[in-house]
Number of protein chains: 2
Amino acid sequence: MLTADDWAILRTSAILRDLPRADLAALVDERSVRSLERGHVLFQQGDPARAFFLMLGGQVKLSRVNPGGDEAVVHIYGAGESFAEAAMFLGGRYPVAAEAVVASRVMLIESDALRRKVAERPEIAFAMMASMSRHLKVLVDQIEKMKLLSADQRVAEFLLGLCGEKTGAVALSLPHEKSLIANRLGMKPATFSRAIARIRDLGVEVTGNQASIRDTAVVLAFVNRSAEE
Amino acid sequence: MLTADDWAILRTSAILRDLPRADLAALVDERSVRSLERGHVLFQQGDPARAFFLMLGGQVKLSRVNPGGDEAVVHIYGAGESFAEAAMFLGGRYPVAAEAVVASRVMLIESDALRRKVAERPEIAFAMMASMSRHLKVLVDQIEKMKLLSADQRVAEFLLGLCGEKTGAVALSLPHEKSLIANRLGMKPATFSRAIARIRDLGVEVTGNQASIRDTAVVLAFVNRSAEE
DNA sequence: AGCTGGCCTTGACTTAGGTCAAGCAGCCTC
DNA sequence: GAGGCTGCTTGACCTAAGTCAAGGCCAGCT
């Protein structure tokens, strides 16, 4: 079922926002919605890519798993975001796996239908390219952070990211399980836990999934401090 | 000056290949070509992004530099590849810096002109999206490798990548300075050097910029071996 | 030829982060 | 409320990779 909230999300999503209502209706209907319980695998890496997805609610992680079973979380998407657009162009296979990390609802949009729409409405192409560019930038950011920041700095940086525009003293809640955040940041749960303990003297307090920062400026200075100084 | 070779490259580049000659001529001319000596900085991160680039020859690295001066190489492009398409869509700033690592020639293509072309010829949009998808996948691969593979495995994997389709006994030459490769793989030159020494017993020999692999299958098995086994 | 300046390698040492495992706190079920 | 999950923290220990610094090897100059 497509609720009013769902429509609101479709209308604000970067990719579909510019589509006239009639075109949108041609692309999606209530059968396109998938409800996923926690742990449900939307697709495996290597599966044929016949659709891309728009998050209506919940959280889905994209990850790579190697033969030995170790997992690398590439990104976690929440309501309003879209993912796997790129797979439409990559020889038809998903290069990552997608799994719901909490109960979620996603809208599935067929690649073929979308391709046809794009051909007839170039402005969607721009929207898609913009979306892919953002994904690209997120990944570049992630690579930079993995290479240049310590575990403590990555954790601090992650918390800062959660503050959004807010500065000064901020209270916030962690969006995912800690072990999932740890993986996203490229470290083990134990290291994450210790990192939290170590940055406590920067005025960062975490209990359960509630966190508080005494002064974002202090944390920012810590993140920007490079290794040698 | 646009040589015949240059035209050949334009004609095979993923993005411009499908453009009729007349449209192509409207986009590029000999004034679009930039010759860069080694070390020349094409753009800094944060510069306004008014163009994207197509490599005609040589090598250009994209990297992030943090305030302390540490550098994270994100990717290195060679002849025929294009980069910075995404910047056209990211609020007009390059999120990385581009620097020639050897003397190079690049073709500069104005964002505005290309946007207009895309609007009038949707098939270019598909080509661009395909190109961006490939970049996306390269980055995902890189993140996975950084998180899941040891330094030795990353070096081995890198060498395998240079083999292309060839299997069995392969001889090859390193495409860049070792310190640059090291950075691309997310390690220090010293670590790279030691990694090479350690994988010698897999039948990998490197002297200067010449390398040889006795049996790619052995190396592949080593790369795919996960941490615990 | 001899000098100079980049790279690269190697050695000795340090350290961040991983590993393994034990305890502990919530939370759900019965 | 007892039992058992599941996820988090903490401690003791280990190891991969970074750091620092000394040599070595070219390649390009003069």
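Within every chain, numbering begins at 1; the chains are lettered A, B, ... in the order of the sequence lines, protein sequences first and strands thereafter. If you're wondering where the values come from, they're calculated on a predicted model, not measured in any experiment.
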| Given B:Arg200 and B:Glu205, is the salt bridge (charged side-chain N to carboxylate O under 4.0 Å, His left out) satisfied, shown in steps? | CA-CA 6 Å; B:Arg200 228 183 279 280; B:Glu205 216 46 68; 2.9 Å; yes
| Separation of C:dG18 P from B:Lys147 NZ (nearest whole Å) | 12 Å
| field | Proximity to the side chain of B:Ser150 - top-ranked nucleotide from D:dA17, C:dG17, D:dT19 | value | D:dA17
| Given atom NZ of A:Lys188 and atom P of C:dA21, what is their separation to the nearest angstrom? | 16 Å
| field | Gap between atoms CG and P, on A:Leu149 and C:dG17 respectively (whole Å) | value | 10 Å
| Hey, what's the ring geometry for B:Phe43 with B:Phe83, parallel, tilted or perpendicular (30° and 60° as the breaks)? | tilted
| message | Please determine whether side-chain contact (heavy atoms from CB on, under 4.5 Å) holds for the pair A:Arg105 and A:Val33, giving the CA-CA distance in whole Å, both sets of side-chain angles, and the decisive distance to 0.1 Å. | response | CA-CA 7 Å; A:Arg105 299 178 71 239; A:Val33 177; 3.4 Å; yes
| task | May I have the distance from A:Arg198 (atom CZ) to D:dT9 (atom P), rounded to whole angstrom? | result | 13 Å
| remark: A:Met146 CE to D:dA17 C1', in whole Å, measures 14 Å
| query | Once you round it to whole Å, what is the distance between P of C:dG17 and CE of A:Met187? | reply | 8 Å
| request: Would you list the pairs meeting side chain to side chain donor-acceptor pair (under 3.5 Å) in which at least one residue belongs to residues 156-175 of chain B, sequence neighbours left out? | output: B:Lys145-B:Glu157
| Minimum-distance pair of heavy atoms, taken over all atoms of A:Ser63 and A:Gln45 | O-OE1, 3.8 Å
| request: Would you kindly give the CG-to-C1' distance between B:Leu185 and D:dA16, to the nearest whole Å? | output: 16 Å
| task | May I have the distance from A:Gln210 (atom CD) to C:dG26 (atom C1'), rounded to whole angstrom? | result | 15 Å
| message | Once rounded to the nearest 0.5 Å, what's the spacing between atom CD1 of B:Ile143 and atom CZ of A:Arg184? | response | 8.0 Å
| field | Protein-to-nucleotide contact annotation, 5' to 3' order, nucleotides 7-13 of chain C [B base; S sugar-phosphate only; - none; under 4.0 Å, heavy atom] | value | SSSBBB-
